[in-house]
Amino acid sequence: MRGLLRDRGDDLDRWARTINPQFARVLRTIGFDRTWERAEGAYLWDADGNRYLDLLGGFGMYNVGRNNPRVRAALVEALELDTPGMLAMGVTALPGLLADALLQRTPPRLERCLFTSSGTEANEAALKLGRAATKRTRVVSTDHGFHGLTLGALSANGNPEFTTRFQPLLPGFDRVPFGDLDALDGELRSEDVAVFIVEAVQGKGVNLPPAGYLEGAQALCRRYGTLFCVDEVMTGFGRTGTMFAFEHWGLEPDLVTVAKSLSGGYVPVGALLMSRTVHEAVFDSMPNAMSHGSTFAPNELAMVAGLAMLHELEELRLVERSARLGERLLELTRPLVAELDVVKDVRGLGLMWAIEFEGSGMAYRMLERAQRGLFAQLVVVPLFSEHRILTQVAGHDVAVVRILPPFVLSDEDLEQFADALAATVRRAQRMPRSLTRFALTAAGIR
Ligand SMILES: Cc1ncc(COP(=O)(O)O)c(C=O)c1O
């Protein structure tokens, strides 16, 4: 493997040839086309030995840090133990141990765990099992919600840029504005909705729920017999400063989906945690004992990584760290709202943080006309190329930059980010011609 990697040639060329040329174009255009050699904790190194601060964490899957040494050691140990692997017709120790560990950390209402290999599959399971358990067919989700890109989860997606070209999606899916309880009541009152699926904090745009919204949504679900499903794929395992985001509002969902950082970023894995009633309504007899599943879902390496990740999170008190660093980050960055006209909002919960822009000047309006949210690229690109900090625009059509860093980053890292951000936004607000030209090129407009 070492030799293969040493003599491999250009990664981006090969990616463009074999995987996705358009993605390679995007990376080249915005100057993100580095050759990556190594990672550790909250840092990445390129082939020239430059260190980058990774505030994106692989879209939030490295909560315990990239290449976490204790998760790795557990994986190596498990490989050396020659554990039985997947029996298919039989059970082994590790899936039960991880299921137990997950259910011990969630409200008593959740009693069963079904493993998957990704977040979207966990949501597929929630929708499919939820429909069978309630004997209802409709699903309600929220505008701007994101639950994955397979067909069922995509049908619940509230972002047209992901759905428009893939119609028709599944029938019976409707959406309501995030935060609007009257609209939700309007959909649920017909008592034919199986599942209401919602992120506690929306990843696209980092939208926090208005006060009382999630508690109200749960109450409406209970009133109308709809299953309340909280998608914790991004927010789970400490991202928002509690083990699960729903804890902030004392919720007790019927269905909870997790994935991303469950394996510490090492092995694909996800899970649907559900109430016993839902489970028993679907897996209701021996002939139905295998009504849903996936060959690789409870694979042992994923289970080992999950157990080690939970251990690491608690041993190093990383959830508390996420809460503390999140507060610190808000302290450091909130003053930008008062200082700079172009900063509309700075918000966050734990280490899920975003800055939103809104401008009124001619240049800003021209950029926004060219492509909504383009101003945010004027921040993300120099943060990367000049300050070596990796961030991301938080969705199509939104002028929002977001970060989802590994929790192991330091106070100094946050201070470095806050300083770099302030300098970058100040400069972007002046809209120097070179930046504007770059942005229009990046958007494919010039
Ligand atoms: C809230 C949420 N749900 C589901 C998913 C889909 O997860 P996966 O990419 O593992 O399929 C994502 C991915 O970003 C997500 O953020």
Side-chain angles (χ1 to χ4, degrees), residues 20 23 55-63 114-128 130 139-159 161-163 166 169 173 175 178 195-209 214 217 228-240 242 244-246 248 251 253 255-273 294 296-297 299 302 305-306 309 348-354 391-396 398 400 402-406:
N20 185 346
F23 185 56
L55 297 185
L56 201 45
F59 296 143
M61 70 173 175
Y62 290 109
N63 293 7
L114 180 140
F115 287 109
T116 67
S117 303
S118 66
T120 198
E121 286 170 82
N123 286 325
E124 294 288 335
L127 303 178
K128 180 177 154 184
V139 171
V140 173
S141 59
T142 57
D143 292 344
H144 307 296
F146 187 94
H147 305 290
L149 297 178
T150 51
L151 211 51
L154 187 67
S155 304
N157 194 307
N159 304 280
E161 67 275 14
F162 288 107
T163 55
F166 302 98
L169 300 177
F173 282 67
R175 278 191 311 281
F178 182 68
V195 178
F196 171 56
I197 181 167
V198 67
E199 299 153 87
V201 179
Q202 288 190 320
K204 297 278 166 222
V206 184
N207 300 316
L208 296 162
L214 292 169
F228 181 50
C229 177
V230 179
D231 179 342
E232 293 265 1
V233 169
M234 182 174 282
T235 50
F237 308 115
R239 172 59 54 198
T240 67
T242 50
F244 296 98
F246 61 69
H248 289 288
L251 305 172
L255 304 163
V256 169
T257 53
V258 293
K260 285 203 190 276
S261 80
L262 175 53
S263 76
Y266 273 103
V267 191
V269 68
L272 166 64
L273 308 174
S294 171
F296 261 95
N299 79 83
M309 187 285 295
L349 196 59
L351 284 173
M352 192 166 176
W353 171 99
T391 60
Q392 184 208 15
V393 180
H396 263 66
V398 287
V400 178
R402 86 172 165 193
I403 71 167
L404 304 160

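Ligands are counted one by one from 1 in listed order, and the atoms in each one are counted from 1 as well.
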> His248 and Thr240: side-chain donor and acceptor closer than 3.5 Å?
Replying inline: yes
>> Run the side chain to side chain donor-acceptor pair (under 3.5 Å) test against Ser118 and tell me which residues pass, sequence neighbours left out.
In response: Glu121
>> Checking Thr116 now: which residues fulfil side chain to side chain donor-acceptor pair (under 3.5 Å) with it, not counting sequence neighbours?
In response: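 Partners of Thr116 by the side chain to side chain donor-acceptor pair (under 3.5 Å) criterion come out as none, since no residue qualifies.
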>> For the backbone of Gly152 and the side chain of Glu124, can you confirm whether one donor and one acceptor N or O come within less than 3.5 Å of each other?
In response: yes
>> Between Asn159 and Glu161 (side chain of the first, backbone of the second, donor and acceptor by atom type, cut-off under 3.5 Å), is there such a pair?
In response: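 Judged by distance alone, no pair lies under 3.5 Å.
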> Near ligand 1, which protein residues have a heavy atom under 4.0 Å away?
Replying inline: Ser118, Gly119, Thr120, Asn123, Phe146, His147, Gly148, Glu199, Asp231, Val233, Met234, Lys260
>> Listing request: all side chain to side chain donor-acceptor pair (under 3.5 Å) pairs with a residue in residues 260-273, at least two apart in sequence or in separate chains.
In response: Asn63-Ser261
